[in-house]
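This chain uses plain numbering: 1 for the first residue, then up along the sequence.
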Amino acid sequence: MKRGAWLAVVSALAVALTAGGFVAGRFIRSPAEVAADAEPPAASLITAEVVRQRIEKTVIARGDLVPSEQVNVAAAGGWSSGESAPNPGFEVIMPGGGQVDDGGGSDGVLTDTFVAVGDAVDEGEVPIEVSERPLIVLRGPVPLTRDLRPGMTGGDVTQLQDALGRLGLYSGAGDGVFDQATSTAVTRLYAKAGYPAPATDEGVGTDDDTLIAADQAIDTARDGVTTARQGVTGARDAVASARSGLAAAKRALEDLRTERTEATAAREKARAKAVDEWTKAQAAAAHAAAQAAAAAAAAGGSTPDTGATGGNATGGASGSGGAGAGTTSSTSLADAIDEALASAPPLPTSSQFAAAKEAIEAAERALTMAKTEVKRAEDQVDEAKATVTDAQRAKERAAARIGSVAPRAEIAFAPQLPATVTGVASSVGFTVPAVLVTLTPSDLVVKVSGLAGVGTGVVAEGSVVELSMPDGALQAGAVVSVVPASDGTSAVDVVIAPDDVVDVGLAGVNIKVTFVEAATAGEVLGVPQGAISSDSAGELSVIVVDGPGATQDSTDDAGQSGQPELRRVPVTSGVAGTDLVEVTPTQPGTLDAGMLVVIGG
């Protein structure tokens with residue numbers, strides 16, 4: 001029988017059997033049918049389509065959105081004149097860092113808060129008030145470790161000056177010296193915040209008393225200068241008087257010497273005159289005697305006795321030639337000289353000269369003493385001036401230590417400002433907690449804690465990850481730090497920086513993080529892992545479904561309909577992703593996207 005006839009018979013039988021057996025089939029089942037129903041279904045082909053895409057192997061983890069840097073401003077007790085108050089300061093908490101104990105912070109009472117979570121805080125603002133005193137926030141890399149007072153120096157003073165300068169309250173040099181300009185700027189800072197600035201005398205007024213006492217000391221020192229100058233004037237007057245006395249004593253000695261010279265000349269003249277007159281008198285007497293002798297001889301022939309009659313022999317002759325001098329021939333020359341000197345000026349005595357010299361010496365001693373007194377008085381003026389200078393400097397030093405104070409209990413430095421408030425103490429009326437304000441000066445990051453079982457290349461710094469944000473959007477990020485977990489295991493804590501800024505209000509939200517463990521450079525051919533098989537030689541291959549109806553739907557029952565053809569295509573494998581494996585056909589053109597490959601079966 002021909003094939004066509006057989007097909008006609010089979011068709012006719014099928015129609016008859018179908019029509020006649022429909023009813024019976026619903027109620028009558030043969031043992032064979034029962035057995036067939038109990039057998040497993042016939043084997044079928046499970047296929048998948050070859051795709052061309054980028055293949056990645058990913059690791060899914062969970063991470064928390066946290067601040068990349070958190071500043072906890074710690075509490076402190078009220079400021080006092082001592083330096084024992086605790087430092088409010090701050091503690092910078094990095095992702096995964098230690099936490100600040102929320103227990104009691106200080107003995108102060110929280111009296112008011114001026115910010116809420118999400119508010120921005122900038123330099124010079126007061127976010128909170130403790131014991132009715134402000135906590136002023138300034139920008140600086142380190143917290144204060146002491147109360148800053150006028151007269152102090154150091155890097156912390158420079159940090160304060162820089163902050164005051166940024167606020168326009170200080171225009172001086174940032175030289176690290178807490179001078180009066182800095183103190184004035186602190187006063188302005190507190191005035192801007194609405195509070196009185198703390199003073200070095202704590203408001204009791206002792207600073208004013210110190211300055212008044214310093215002014216009095218300066219006045220007293222200046223009075224001393226005036227008195228010392230008066231002493232100099234008196235000493236100089238004494239010098240002038242001593243010089244006058246010395247000049248007078250010297251003139252007196254010179255007068256004695258002149259008098260002696262003149263008296264000596266006068267006496268020599270009187271002596272000479274006396275000698276001349278006496279000589280003339282003797283000559284006259286001799287002449288008279290000669291005349292008398294001649295006369296006597298002529299009269300009596302005998303020589304007269306000149307000794308007896310000489311005085312009278314001459315008669316009037318004795319009066320001529322020297323009678324006016326009162327000198328007679330009988331007067332001795334010495335007597336004549338003594339008589340002449342008796343009427344001459346007397347010579348100054350040696351005692352007079354000694355007295356004059358002694359007066360000069362006394363005047364010189366007085367002048368020397370007066371000059372010494374001038375020098376001593378001038379030294380006293382210099383000493384008095386130095387006392388004035390010392391008193392002025394003492395006032396300057398006192399003034400330099402007086403003024404407004406920047407107490408560490410009221411000035412909190414934060415490394416970055418402005419910052420967003422992520423936490424604030426709220427128990428007004430109660431003792432403040434350890435942390436007054438928590439600030440976030442930077443963007444949120446993602447922290448994955450305790451990540452284990454992942455290759456080091458997956459979480460290396462710079463690795464790109466995918467972040468599933470709370471709003472459902474996907475955002476890329478990059479690993480910025482990898483540190484060992486604190487539990488001592490091989491796990492790591494990973495910090496990821498999102499590419500886009502994340503609202504700080506999402507801090508604490510947990511999100512999905514997808515790490516890429518391996519990836520192809522671009523689009524490649526990919527098949528499911530189950531489509532790859534290996535022969536005894538270790539060569540890999542996939543089975544491609546070809547032929548009529550070679551589609552994923554029609555091959556579910558391949559072997560029963562369409563009769564597709566199967567062929568083995570040798571391949572090499574590459575990146576094994578989460579769902580697909582990269583494959584490359586050994587012979588180009590034997591495998592392409594859209595083809596079907598067998599998975600199992």
Side-chain angles (χ1 to χ4, degrees), residues 46-65 95 445-470 472-485 487 489-500 510-535 538-544 552 568-586 588 590-601:
I46 301 175
T47 61
E49 185 177 352
V50 179
V51 297
R52 183 180 294 277
Q53 66 178 53
R54 186 173 184 270
I55 297 177
E56 294 180 343
K57 181 180 180 180
T58 59
V59 176
I60 306 300
R62 304 294 299 184
D64 296 320
L65 289 169
V445 296
V446 180
K447 182 193 172 186
V448 179
S449 302
L451 183 63
V454 180
T456 56
V458 180
V459 293
E461 290 186 8
S463 299
V464 177
V465 301
E466 183 180 76
L467 306 174
S468 299
M469 304 308 294
L474 298 179
Q475 184 179 147
V479 174
V480 294
S481 72
V482 181
V483 297
D487 58 5
T489 65
S490 59
V492 293
D493 292 339
V494 183
V495 177
I496 302 159
D499 285 354
D500 297 329
N510 186 266
I511 65 172
K512 183 178 79 171
V513 180
T514 303
F515 293 91
V516 178
E517 186 170 2
T520 60
E523 291 186 347
V524 296
L525 293 178
V527 299
Q529 179 70 47
I532 302 175
S533 61
S534 175
D535 60 16
E539 294 183 356
L540 304 179
S541 63
V542 296
I543 298 175
V544 178
Q552 189 168 0
R568 185 176 299 276
V569 178
V571 295
T572 57
S573 64
V575 174
T578 305
D579 300 317
L580 299 174
V581 178
E582 176 188 3
V583 292
T584 303
T586 304
T590 58
L591 186 67
D592 203 352
M595 293 182 177
L596 297 179
V597 292
V598 178
I599 302 176

Lys512 side, atom NZ; Leu467 side, atom CG - distance, nearest 0.5 Å:
11.0 Å
Could you tell me the separation between the CG atom of Leu474 and the OG atom of Ser468, rounded to the nearest 0.5 Å?
5.0 Å
Determine the minimum heavy-atom distance between [X] and [Y], stating which atoms define it.
{"X": "Val581", "Y": "Ser573", "result": "CG1-CB, 4.0 Å"}
{"X": "Ile511", "Y": "Met469", "result": "CD1-SD, 4.3 Å"}
{"X": "Pro528", "Y": "Ala48", "result": "CG-CB, 3.7 Å"}
{"X": "Arg568", "Y": "Ser541", "result": "NH1-OG, 2.8 Å"}

Side-chain donor/acceptor pairs under 3.5 Å, residues 590-599, sequence neighbours excluded:
residue, atom, partner, partner atom, Å
Thr590, OG1, Gln587, O, 2.6
Asp592, OD1, Arg52, NH2, 3.3

For [X], all residues meeting side chain to side chain contact (heavy atoms under 4.5 Å, CB included), sequence neighbours excluded:
{"X": "Thr572", "answer": "Thr584"}
{"X": "Ala476", "answer": "Asp499"}
{"X": "Pro570", "answer": "Thr586"}
{"X": "Ala485", "answer": "Asp487, Ala491, Asp493"}

Let me see the working for Ile55 and Val524 under side chain to side chain contact (heavy atoms under 4.5 Å, CB included), right down to the final yes or no.
CA-CA 7 Å; Ile55 297 177; Val524 296; 3.7 Å; yes
Flag side-chain contact, heavy atom, 4.5 Å: Val445 against Val480
no
Identified side-chain contact (heavy atoms from CB on, under 4.5 Å) partner of Val479 from the options Val465, Val448, Val495, Val446
Val465
N/O donor-acceptor pair under 3.5 Å between Glu582 side chain and Thr520 backbone:
no
My understanding is that only residues two or more places apart in sequence, or in another chain, count here; which of them pass side-chain hydrogen bond (donor to acceptor under 3.5 Å, both in side chains) with [X]?
{"X": "Ser534", "result": "none"}
{"X": "Ser481", "result": "none"}
{"X": "Arg62", "result": "Asn510"}

Leu580/Gln53 under side chain to side chain contact (heavy atoms under 4.5 Å, CB included): CA gap, chis, key distance, verdict:
CA-CA 10 Å; Leu580 299 174; Gln53 66 178 53; 3.6 Å; yes
